[in-house]
Amino acid sequence: MSDVTTFSATISATTRNGILVVTIDNAPVNATSADVRSGLDKALVHAEAAIGIKGVVITGAGKTFIGGADITEFGKPAIEPTLPDVIEKIEALSKPVIAALNGAALGGGLELALACQYRIASPSAQVGLPEVKLGIVPGAGGTQRLPRLIGVPAALDLIASGRIAKAAEALSLGILDELPETDLVDAAIEAARRLTGASPRKTGELTAAPADPTEIDKASGKILAKARGQKAPAEAVRLVASSHRPLAEGLADERATFLTLRDSREAAALRHIFFAEREASKVAGLEGIDARPVVTIGICGLGLMGSGIAIAALAAGYTVIGLDQTQEAAEKGHERIVGLLERNLASGRLDRSGFDAQKSRLFVTATDANLAPCDLVIEAVFDDLDVKIDLFRRLDKVVRPDAILATNTSYLNPDEIAAATAHPERVLGLHFFSPAHVMRLLEVVRCEKTAPDVLATGLTVAKKLKKLPVVTGVTEGFIGNRIFSAYRREAEFLLEDGALPHEIDVALENYGFPMGLFAVYDMAGLEIAWARRKRQAATRDPSQRYVEIADRLCEAGRLGQKSGRGWYAYPDGKRTVDPEVTAIIETERAKKHITPRSFSKDEISQRMLQAMATEGEALLAEGIAARPGDIDLVMVNGYGFPAHKGGPMFAKS
Ligand code: 3H9
């Protein structure tokens with residue numbers, strides 16, 4: 001082993017057996033910052049010139065190979081060499097360059113590896129070109145080299161979806177050449193020595209096999225249908241599908257497309273969401289606070305919500321004890337949960353041993369005392385204050401005093417539930433979204449008396465459940481439902497002012513929501529919100545504008561899709577504008593002497609956005625939400641707000 005040569009603050013190398021082993025050490029994810037690029041460039045120049053060096057191995061320090069370009073540099077003046085410059089130098093080197101993937105090679109990281117002559121990886125490595133998720137296309141050769149290496153259809157699948165492939169799949173696709181069982185760097189040095197003198201295999205010089213146009217059309221049709229108006233997936237499809245062009249032409253087109261997209265509002269929005277996700281778990285006051293250990297989770301109420309939570313908890317490795325009111329209900333819950341596990345088994349998401357292991361960790365009971373071993377109990381019972389208070393009082397008596405109690409309420413005041421217990425400091429809210437095993441968002445409610453380590457435990461468990469936790473203070477509906485109420489209210493004002501339900505829905509879908517608000521109402525059913533409005537009627541401030549149209553619909557038996565009619569009619573199951581609804585709306589407008597006016601799609605979406613952003617500002621001012629980004633995450637991950645618009649706070653900034 002020779003001495004360490006330092007090429008930059010983040011790039012160093014040793015020479016072993018005539019091979020220059022270059023290590024990228026740029027925590028946290030070895031992103032290709034200006035310093036990394038400059039160091040790599042110098043290392044390559046050195047390798048080319050040094051007679052004693054026969055080849056190069058590039059690897060990463062820590063658990064990542066390269067997480068991609070440094071996205072914090074986007075939007076700042078470019079610093080040379082660019083990543084394409086470095087990659088061009090790798091491919092042009094007269095000596096073999098081996099990529100030794102010690103962990104994830106994503107975005108620019110995979111692009112760099114693709115230009116190497118040989119790719120060797122540890123079994124934990126992952127590869128992918130997730131650029132479309134950031135509103136961009138790969139900008140350092142990915143759309144041109146990957147199809148040359150693995151064919152257009154497979155490259156389209158990876159690039160246009162941005163999905164990440166594990167090492168074994170990458171090997172079978174031909175992205176990786178070897179998964180050695182011995183030490184990664186030793187094996188990479190061995191490969192470099194083997195390739196020395198052989199005529200180099202350059203990815204850029206391979207010819208992309210012409211793809212079947214029907215196959216491309218089919219694949220791109222699917223991708224574009226999911227894109228909901230985003231630009232990057234369509235551009236990715238275009239670049240990959242035309243990768244049979246001369247390399248230089250394809251690279252120039254790719255680079256120009258990358259630069260335009262990188263500077264777009266869409267990419268800025270998706271970067272905002274990326275960083276907001278990482279910020280969300282940084283909670284003031286929790287620095288240095290350890291979470292309590294959690295092994296066993298109790299779940300009270302094994303309906304749809306409780307079962308979904310159970311599935312997420314079993315998948316995360318927890319032991320689950322489900323409680324329901326009667327033995328029969330508990331058994332039914334057991335059946336439902338096992339049914340969901342079986343579905344995962346059938347779809348291949350779970351293998352047989354995983355299924356058996358998860359099932360063996362599931363217990364159900366109708367006896368409170370059987371929850372005694374739980375470290376955390378989550379209630380998912382009927383959203384009624386008396387029911388929940390009664391349950392928490394009972395739980396208080398059977399679980400250890402240091403066990404945590406969480407309520408999944410969506411509208412009740414968890415402080416009132418906590419106050420009914422002997423240890424309110426161990427109570428917090430864990431507000432899951434339905435279906436709980438699918439939806440990533442989890443509002444973690446910090447109650448007035450929640451102890452810091454209880455909150456820290458909520459966040460740790462949420463992460464283990466593979467959820468995206470966002471901390472919220474106590475307010476009616478927490479962050480999400482409060483903003484959603486403002487959004488709903490504004491839609492109803494618009495109805496009264498002159499817009500029709502389908503016009504509002506079309507405007508929202510055009511903006512990027514997967515479904516308009518009134519179509520969603522019809523799907524979910526109108527009666528729960530109706531019941532709530534009736535409950536609130538006595539305390540409603542009479543000076544505040546209240547739109548009665550929804551009440552009239554419910555009184556007419558229009559309770560949504562289930563009852564065959566709601567905001568729309570459903571002849572043969574097909575959603576159709578219903579003149580009866582228009583008539584109800586017109587009558588209500590007339591009662592209030594409102595002269596209806598027409599609204600453009602843009603006006604509708606802007607009014608809805610403004611209503612959300614104004615409510616968001618109020619949540620920030622009240623200290624319910626810590627950051628605008630937290631609000632955006634909630635709306636994007638729980639309420640269908642298009643991620644490429646960045647959430648209501650970003651969109652209005
Ligand atoms: C690209 O490559 C463009 C090219 O095609 C063209 C170039 C010309 N840059 O996620 P974590 C930070 S576009 C800067 O919690 P994990 C992150 O903010 C890029 N910073 O870790 C966080 O900071 P903090 C394509 C980055 O272990 C910290 O690292 N690549 C970057 O759970 C830890 O992050 C991608 O889209 C970055 N690229 O997961 C991959 N990435 O500690 C994006 C992360 O201050 N990255 N940070 O909060 C990931 O998917 C995950 O971070 C990764 C690690 C899987 C790598």
Side-chain angles (χ1 to χ4, degrees), residues 276-277 279-286 301 305 308-309 378-385 388-389 392 404-419 424 427-436 439-450 454-459 461-463 465 467-490 520 524 528-529 532-533 535-536 611-641 647-649:
E277 278 196 18
E279 270 302 287
S281 49
K282 294 172 191 157
V283 178
L286 294 193
M305 182 57 94
I309 299 172
I378 305 170
E379 70 73 17
V381 300
F382 186 62
D383 214 14
D384 176 274
L385 191 61
K388 299 214 186 221
I389 285 182
F392 270 59
I404 296 172
L405 301 180
T407 169
N408 179 47
T409 184
S410 22
Y411 279 102
L412 301 173
N413 182 344
D415 282 333
E416 288 182 37
I417 301 172
V427 175
L428 84 166
L430 289 178
H431 180 215
F432 288 84
F433 288 71
S434 189
M439 296 286 282
R440 266 182 88 213
L441 180 65
L442 178 56
E443 283 183 317
V444 179
V445 188
R446 181 181 220 158
C447 303
E448 196 193 340
K449 299 222 164 105
T450 305
V454 169
L455 188 66
T457 311
L459 290 167
V461 170
K463 287 243 175 89
L465 295 177
K467 300 292 172 203
L468 171 63
V470 176
V471 173
T472 164
V474 174
T475 182
E476 169 138 2
F478 311 120
I479 296 176
N481 280 335
R482 224 179 98 176
I483 303 246
F484 186 69
S485 291
Y487 170 74
R488 200 193 56 217
R489 205 163 44 236
E490 192 63 23
V520 171
I528 295 182
R532 199 171 50 248
R533 286 197 302 277
R535 271 201 313 274
Q536 291 167 341
M612 286 190 257
T614 305
E615 195 68 21
E617 289 299 342
L619 287 171
L620 291 169
E622 291 164 32
I624 303 295
R627 292 163 281 242
D630 287 358
I631 298 174
D632 287 337
L633 282 185
V634 169
M635 298 320 288
V636 165
N637 291 283
Y639 297 82
F641 196 103
M649 306 311 284

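Hydrogens, waters and symmetry mates play no part in the numbers below; they use all other heavy atoms, side chains included. Keep in mind that what you see is a predicted model, and the values were worked out from it rather than measured.
Every residue two or more places apart in sequence or in another chain that forms a side-chain contact (heavy atoms from CB on, under 4.5 Å) with Ala380 is listed here: Met305, Ile309, Asn408.
At a threshold of 4.0 Å, the pair Glu443-Lys467 does not count as salt-bridged, since none of the basic side-chain nitrogens sits closer than that to a carboxylate oxygen. Taking a cutoff of 4.0 Å between a charged side-chain nitrogen and a carboxylate oxygen, Glu279 and Arg627 qualify as a salt bridge.
Checked by atom type and distance alone, the side chain of Asp630 never pairs as donor or acceptor with a backbone atom of Ala625 at under 3.5 Å. Looking only at distances, no side-chain donor or acceptor of Thr450 sits under 3.5 Å from a matching main-chain atom of Arg446.
The aromatic rings of Tyr639 and Phe433 sit perpendicular, their planes meeting at an angle over 60°, well past the 30° parallel limit.
Contact between Ala418 and Pro424 at its shortest, heavy atoms only, is O-CB, 3.6 Å. Across all non-hydrogen atoms, the minimal contact from Gly308 to Ala436 is C-CB, 3.7 Å. Minimum interatomic distance between Pro469 and Ala462 (heavy atoms only, all atoms of both residues): CB-CB, 3.7 Å.
Taking the side chain as every heavy atom from C-beta outward, Glu277 and Arg440 approach each other to under 4.5 Å. Val474 is listed as a side-chain neighbour of Pro414, based on a closest heavy-atom distance under 4.5 Å. Contact of the Met635 side chain with the Ile483 side chain is registered, since non-hydrogen atoms from C-beta on lie closer than 4.5 Å. Contact check for Val634 versus Asp632: no side-chain heavy atoms found under the 4.5 Å cut-off.
Side-chain N/O atoms of Thr409 and Asp383 include a donor and acceptor closer than 3.5 Å. Between the side chains of Ser281 and Lys463, at least one donor N or O lies within less than 3.5 Å of an accepting N or O. The closest side-chain donor-acceptor pair between Glu379 and Thr407 falls under 3.5 angstrom.
Taken to the nearest 0.5 Å, the CZ atom of Phe432 stands 4.5 Å off from the CG atom of Leu442. Here NZ of Lys282 is found 13.0 Å from CG of Leu459. Values are rounded to the nearest 0.5 Å. Note that CD1 of Ile631 is 4.5 Å distant from CE of Met649, once rounded to the nearest 0.5 Å. Annotation: the span from Glu476 atom CD to Tyr411 atom OH amounts to 7.5 Å, rounded to 0.5 Å. Taken from CG in Leu468 to CE in Met439, the straight-line distance is 11.0 Å, to the nearest 0.5 Å. Rounding to the nearest 0.5 angstrom, the gap separating the CG atom in Asn413 from the SG atom in Cys447 is 8.0 Å.
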Exercise. Take Lys388 and Val381 through the side-chain contact (heavy atoms from CB on, under 4.5 Å) test and state the conclusion after the steps.
Key: CA-CA 7 Å; Lys388 299 214 186 221; Val381 300; 4.2 Å; yes
Practice problem: Please step through side-chain contact (heavy atoms from CB on, under 4.5 Å) for the pair Arg482 and Leu619, ending with a clear verdict. | Solution: CA-CA 9 Å; Arg482 224 179 98 176; Leu619 287 171; 3.6 Å; yes
Quiz prompt | Val636 vs Leu633, side-chain contact (heavy atoms from CB on, under 4.5 Å): CA-CA, chis, key distance, verdict | solution = CA-CA 5 Å; Val636 165; Leu633 282 185; 5.8 Å; no
Practice problem: Show the numbers, then the answer: is there a side-chain contact (heavy atoms from CB on, under 4.5 Å) between Phe641 and Met612? | Solution: CA-CA 11 Å; Phe641 196 103; Met612 286 190 257; 3.9 Å; yes
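More than 12 non-hydrogen atoms from other residues, nucleotides or ligands lie less than 6.0 angstrom from CG of Leu385.
Shown are Thr472, Val470, Leu455; of these, the side-chain contact (heavy atoms from CB on, under 4.5 Å) with Val444 is made only by Leu455.
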